[in-house]
Amino acid sequence: MKIALALKYRLRWLCPVALLLAPCTHATGAPAPFSDWAGIVVAGDWHAHDGAPSDIFDNARRDVARELMSLGFSSSNIEQFSARPGRSGEKVGVQEIGNALWDLSNRTSGGCLLYLTSHGSPDGMVLGETILQPAQLTRIVKNSCGERPTVVIVSACFSGIFVPALAAANRLILTAARADRTSFGCGQTDRYSYFDECVLSAWSHTASFPALGRQAQACVSAREAKEHVGPPSEPQMSIGADFDAEMPAWP
């Protein structure tokens, strides 16, 4: 029994490596449930909150992409974007993200997942030299993903402003903060923001995106209390009425 259990977890971690050659499969030989999903992962800035160069958002971009592959996403169906010059990933921009998601949606038939991490403002999220506004992201998602099950995670200060525009029956929206609150953990010495770290730490301990969101919310609240920062960011989550019914089983 112990040998079988150990082999199960060993195979789970070997699977992302195999994705370089072929999609993960279950023991039955069937494709992994997320192998036909489209994934977009974006690091929208490359500075700490004081303006100094920082890898904080690129660290999250890289490691979120890794976690998606652990769920069964095909590496060929994940597009990464970085704002940092010379960094791996495509040049970041509204048009570039829209084009990439359109292309991915045309060669996949499953759902869509977008994870965006950056600084934020009451108007939107920093995306390279511009601000990505809620209406722009909503158009990108609607045009490419339509009625497919869709997960959008926005990690930025004031990112709750994206919830009203993006909320739909087929979507789960998770943000790092309320529309009128900042989030925390963007200093020069931070590896991740508090929210990104909480999402990444929760990934292997949850069995669905709603559970991931709830655990991330609790983690952020506990971390902010421990660090005595405030007012609390209060990460927001919207779960559409049809979302759970449309989701594949979590591996």
Side-chain angles (χ1 to χ4, degrees), residues 12-13 16 34 37-45 49 54-73 78-82 89 111-120 125-126 132 137 141 149-163 166-167 171-179 181-187 190-227 229 232-239 243-244 247 250-251:
R12 181 188 175 193
W13 290 109
F34 292 96
W37 274 52
I40 296 286
V41 189
V42 177
D45 199 5
H49 64 76
S54 173
D55 284 334
I56 186 170
F57 302 120
D58 276 305
N59 289 338
R61 170 189 58 79
R62 179 197 63 227
D63 293 342
V64 165
R66 179 200 67 203
E67 293 295 343
L68 292 181
M69 287 189 286
S70 79
L71 288 186
F73 278 72
I78 300 173
E79 194 77 50
Q80 298 185 54
F81 292 86
S82 174
C112 298
L113 184 142
L114 296 87
Y115 195 111
L116 305 96
T117 179
S118 187
H119 293 294
M125 190 195 82
V126 174
L132 176 65
L137 185 56
V141 171
T150 300
V151 176
V152 182
I153 302 176
V154 185
S155 176
C157 293
F158 310 107
S159 49
I161 64 169
F162 285 90
V163 174
L166 283 165
R171 298 177 192 156
L172 180 146
I173 315 301
L174 177 64
T175 70
R178 270 174 30 177
R181 296 283 176 88
T182 60
S183 53
F184 299 95
C186 294
D190 292 308
R191 180 174 178 81
Y192 310 109
S193 68
Y194 290 3
F195 178 80
D196 287 337
E197 184 170 15
C198 283
V199 170
L200 287 165
S201 67
W203 215 292
S204 62
H205 302 289
T206 52
S208 68
F209 285 112
L212 178 72
R214 287 189 289 269
Q215 187 155 325
Q217 288 174 314
C219 172
V220 168
S221 179
R223 177 70 182 277
E224 291 175 349
K226 178 182 178 182
E227 302 294 341
V229 297
S233 56
E234 296 187 16
Q236 301 292 294
M237 183 163 60
S238 168
I239 306 172
F243 180 79
D244 282 340
M247 287 296 296
W250 193 284

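Quick caveat, the model's predicted, so the values are computed rather than measured.
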Quiz prompt | Check: L71 and F209 side chains under 4.5 Å, non-hydrogen atoms | solution = yes
Exercise. Measure across S233 and R181 and return the closest heavy-atom pair with its distance rounded to 0.1 Å.
Key: O-CB, 3.7 Å
Quiz prompt | For the student: nearest non-hydrogen atoms of T117 and F57, plus distance | solution = OG1-CD2, 3.2 Å
Practice problem: Check the angle between the aromatic planes of F184 and Y194 and answer parallel, tilted or perpendicular using the 30° and 60° thresholds. | Solution: tilted
Quiz item: For the atom pair OG (S155) and CD (E197), what is the distance rounded to the nearest 0.5 Å?
Solution: 11.5 Å
Quiz item: If you round to the nearest 0.5 Å, how far is OG of S204 from CD of E67?
Solution: 6.5 Å
Quiz item: If you look at every heavy atom in L116 and V152, which pair is closest and at what distance?
Solution: CD1-CG1, 4.4 Å
Self-check item: Under 3.5 Å donor-acceptor, S221 side chain and A218 backbone
Solution: no
Quiz item: What closest approach, in Å, do W37 and M247 show between heavy atoms, and which atom pair accounts for it?
Solution: CH2-SD, 3.6 Å
Exercise. May I ask you to decide if L166's main-chain N or O and R171's side chain share a donor-acceptor pair within less than 3.5 Å?
Key: yes
Quiz item: Does the side chain of L172 reach to within under 4.5 Å of the side chain of P210, using non-hydrogen atoms?
Solution: yes
Exercise. Please round to the nearest 0.5 Å and tell me the distance separating atom CZ of R191 and atom CG of D63.
Key: 6.0 Å
Quiz item: Looking only at heavy atoms, what is the nearest atom pair of W250 and T206, with distance?
Solution: NE1-O, 3.4 Å
Quiz item: Minimum heavy-atom separation for R62 to Q80, with atom names?
Solution: CA-OE1, 4.0 Å
Quiz item: Going by heavy atoms in the side chains, are V199 and L212 under 4.5 Å from each other?
Solution: yes
Quiz item: Is a side-chain N or O of Q217 found less than 3.5 angstrom from the main chain of P235, in a donor-acceptor match?
Solution: yes
Quiz item: Do the side chain of S159 and the main chain of A176 share a donor and acceptor less than 3.5 angstrom apart?
Solution: yes
Exercise. Side-chain contact test, heavy atoms from C-beta onward, threshold under 4.5 Å: evaluate it for T182 versus F158 and give yes or no.
Key: yes
Quiz item: Run the side chain to side chain contact (heavy atoms under 4.5 Å, CB included) check on V42 and L132 step by step: do they pass?
Solution: CA-CA 12 Å; V42 177; L132 176 65; over 6 Å; no
Quiz item: How many angstroms lie between atom CE of M237 and atom CD1 of I173, to the nearest 0.5 angstrom?
Solution: 11.0 Å
Quiz prompt | Point-to-point distance, once rounded to the nearest 0.5 Å, from OG1 of T175 to CZ of F162 | solution = 9.5 Å
Practice problem: Could you tell me the separation between the CD atom of E224 and the CZ atom of F195, rounded to the nearest 0.5 Å? | Solution: 11.0 Å
Self-check item: Minimum side-chain heavy-atom gap Y115-L68 below 4.5 Å
Solution: no
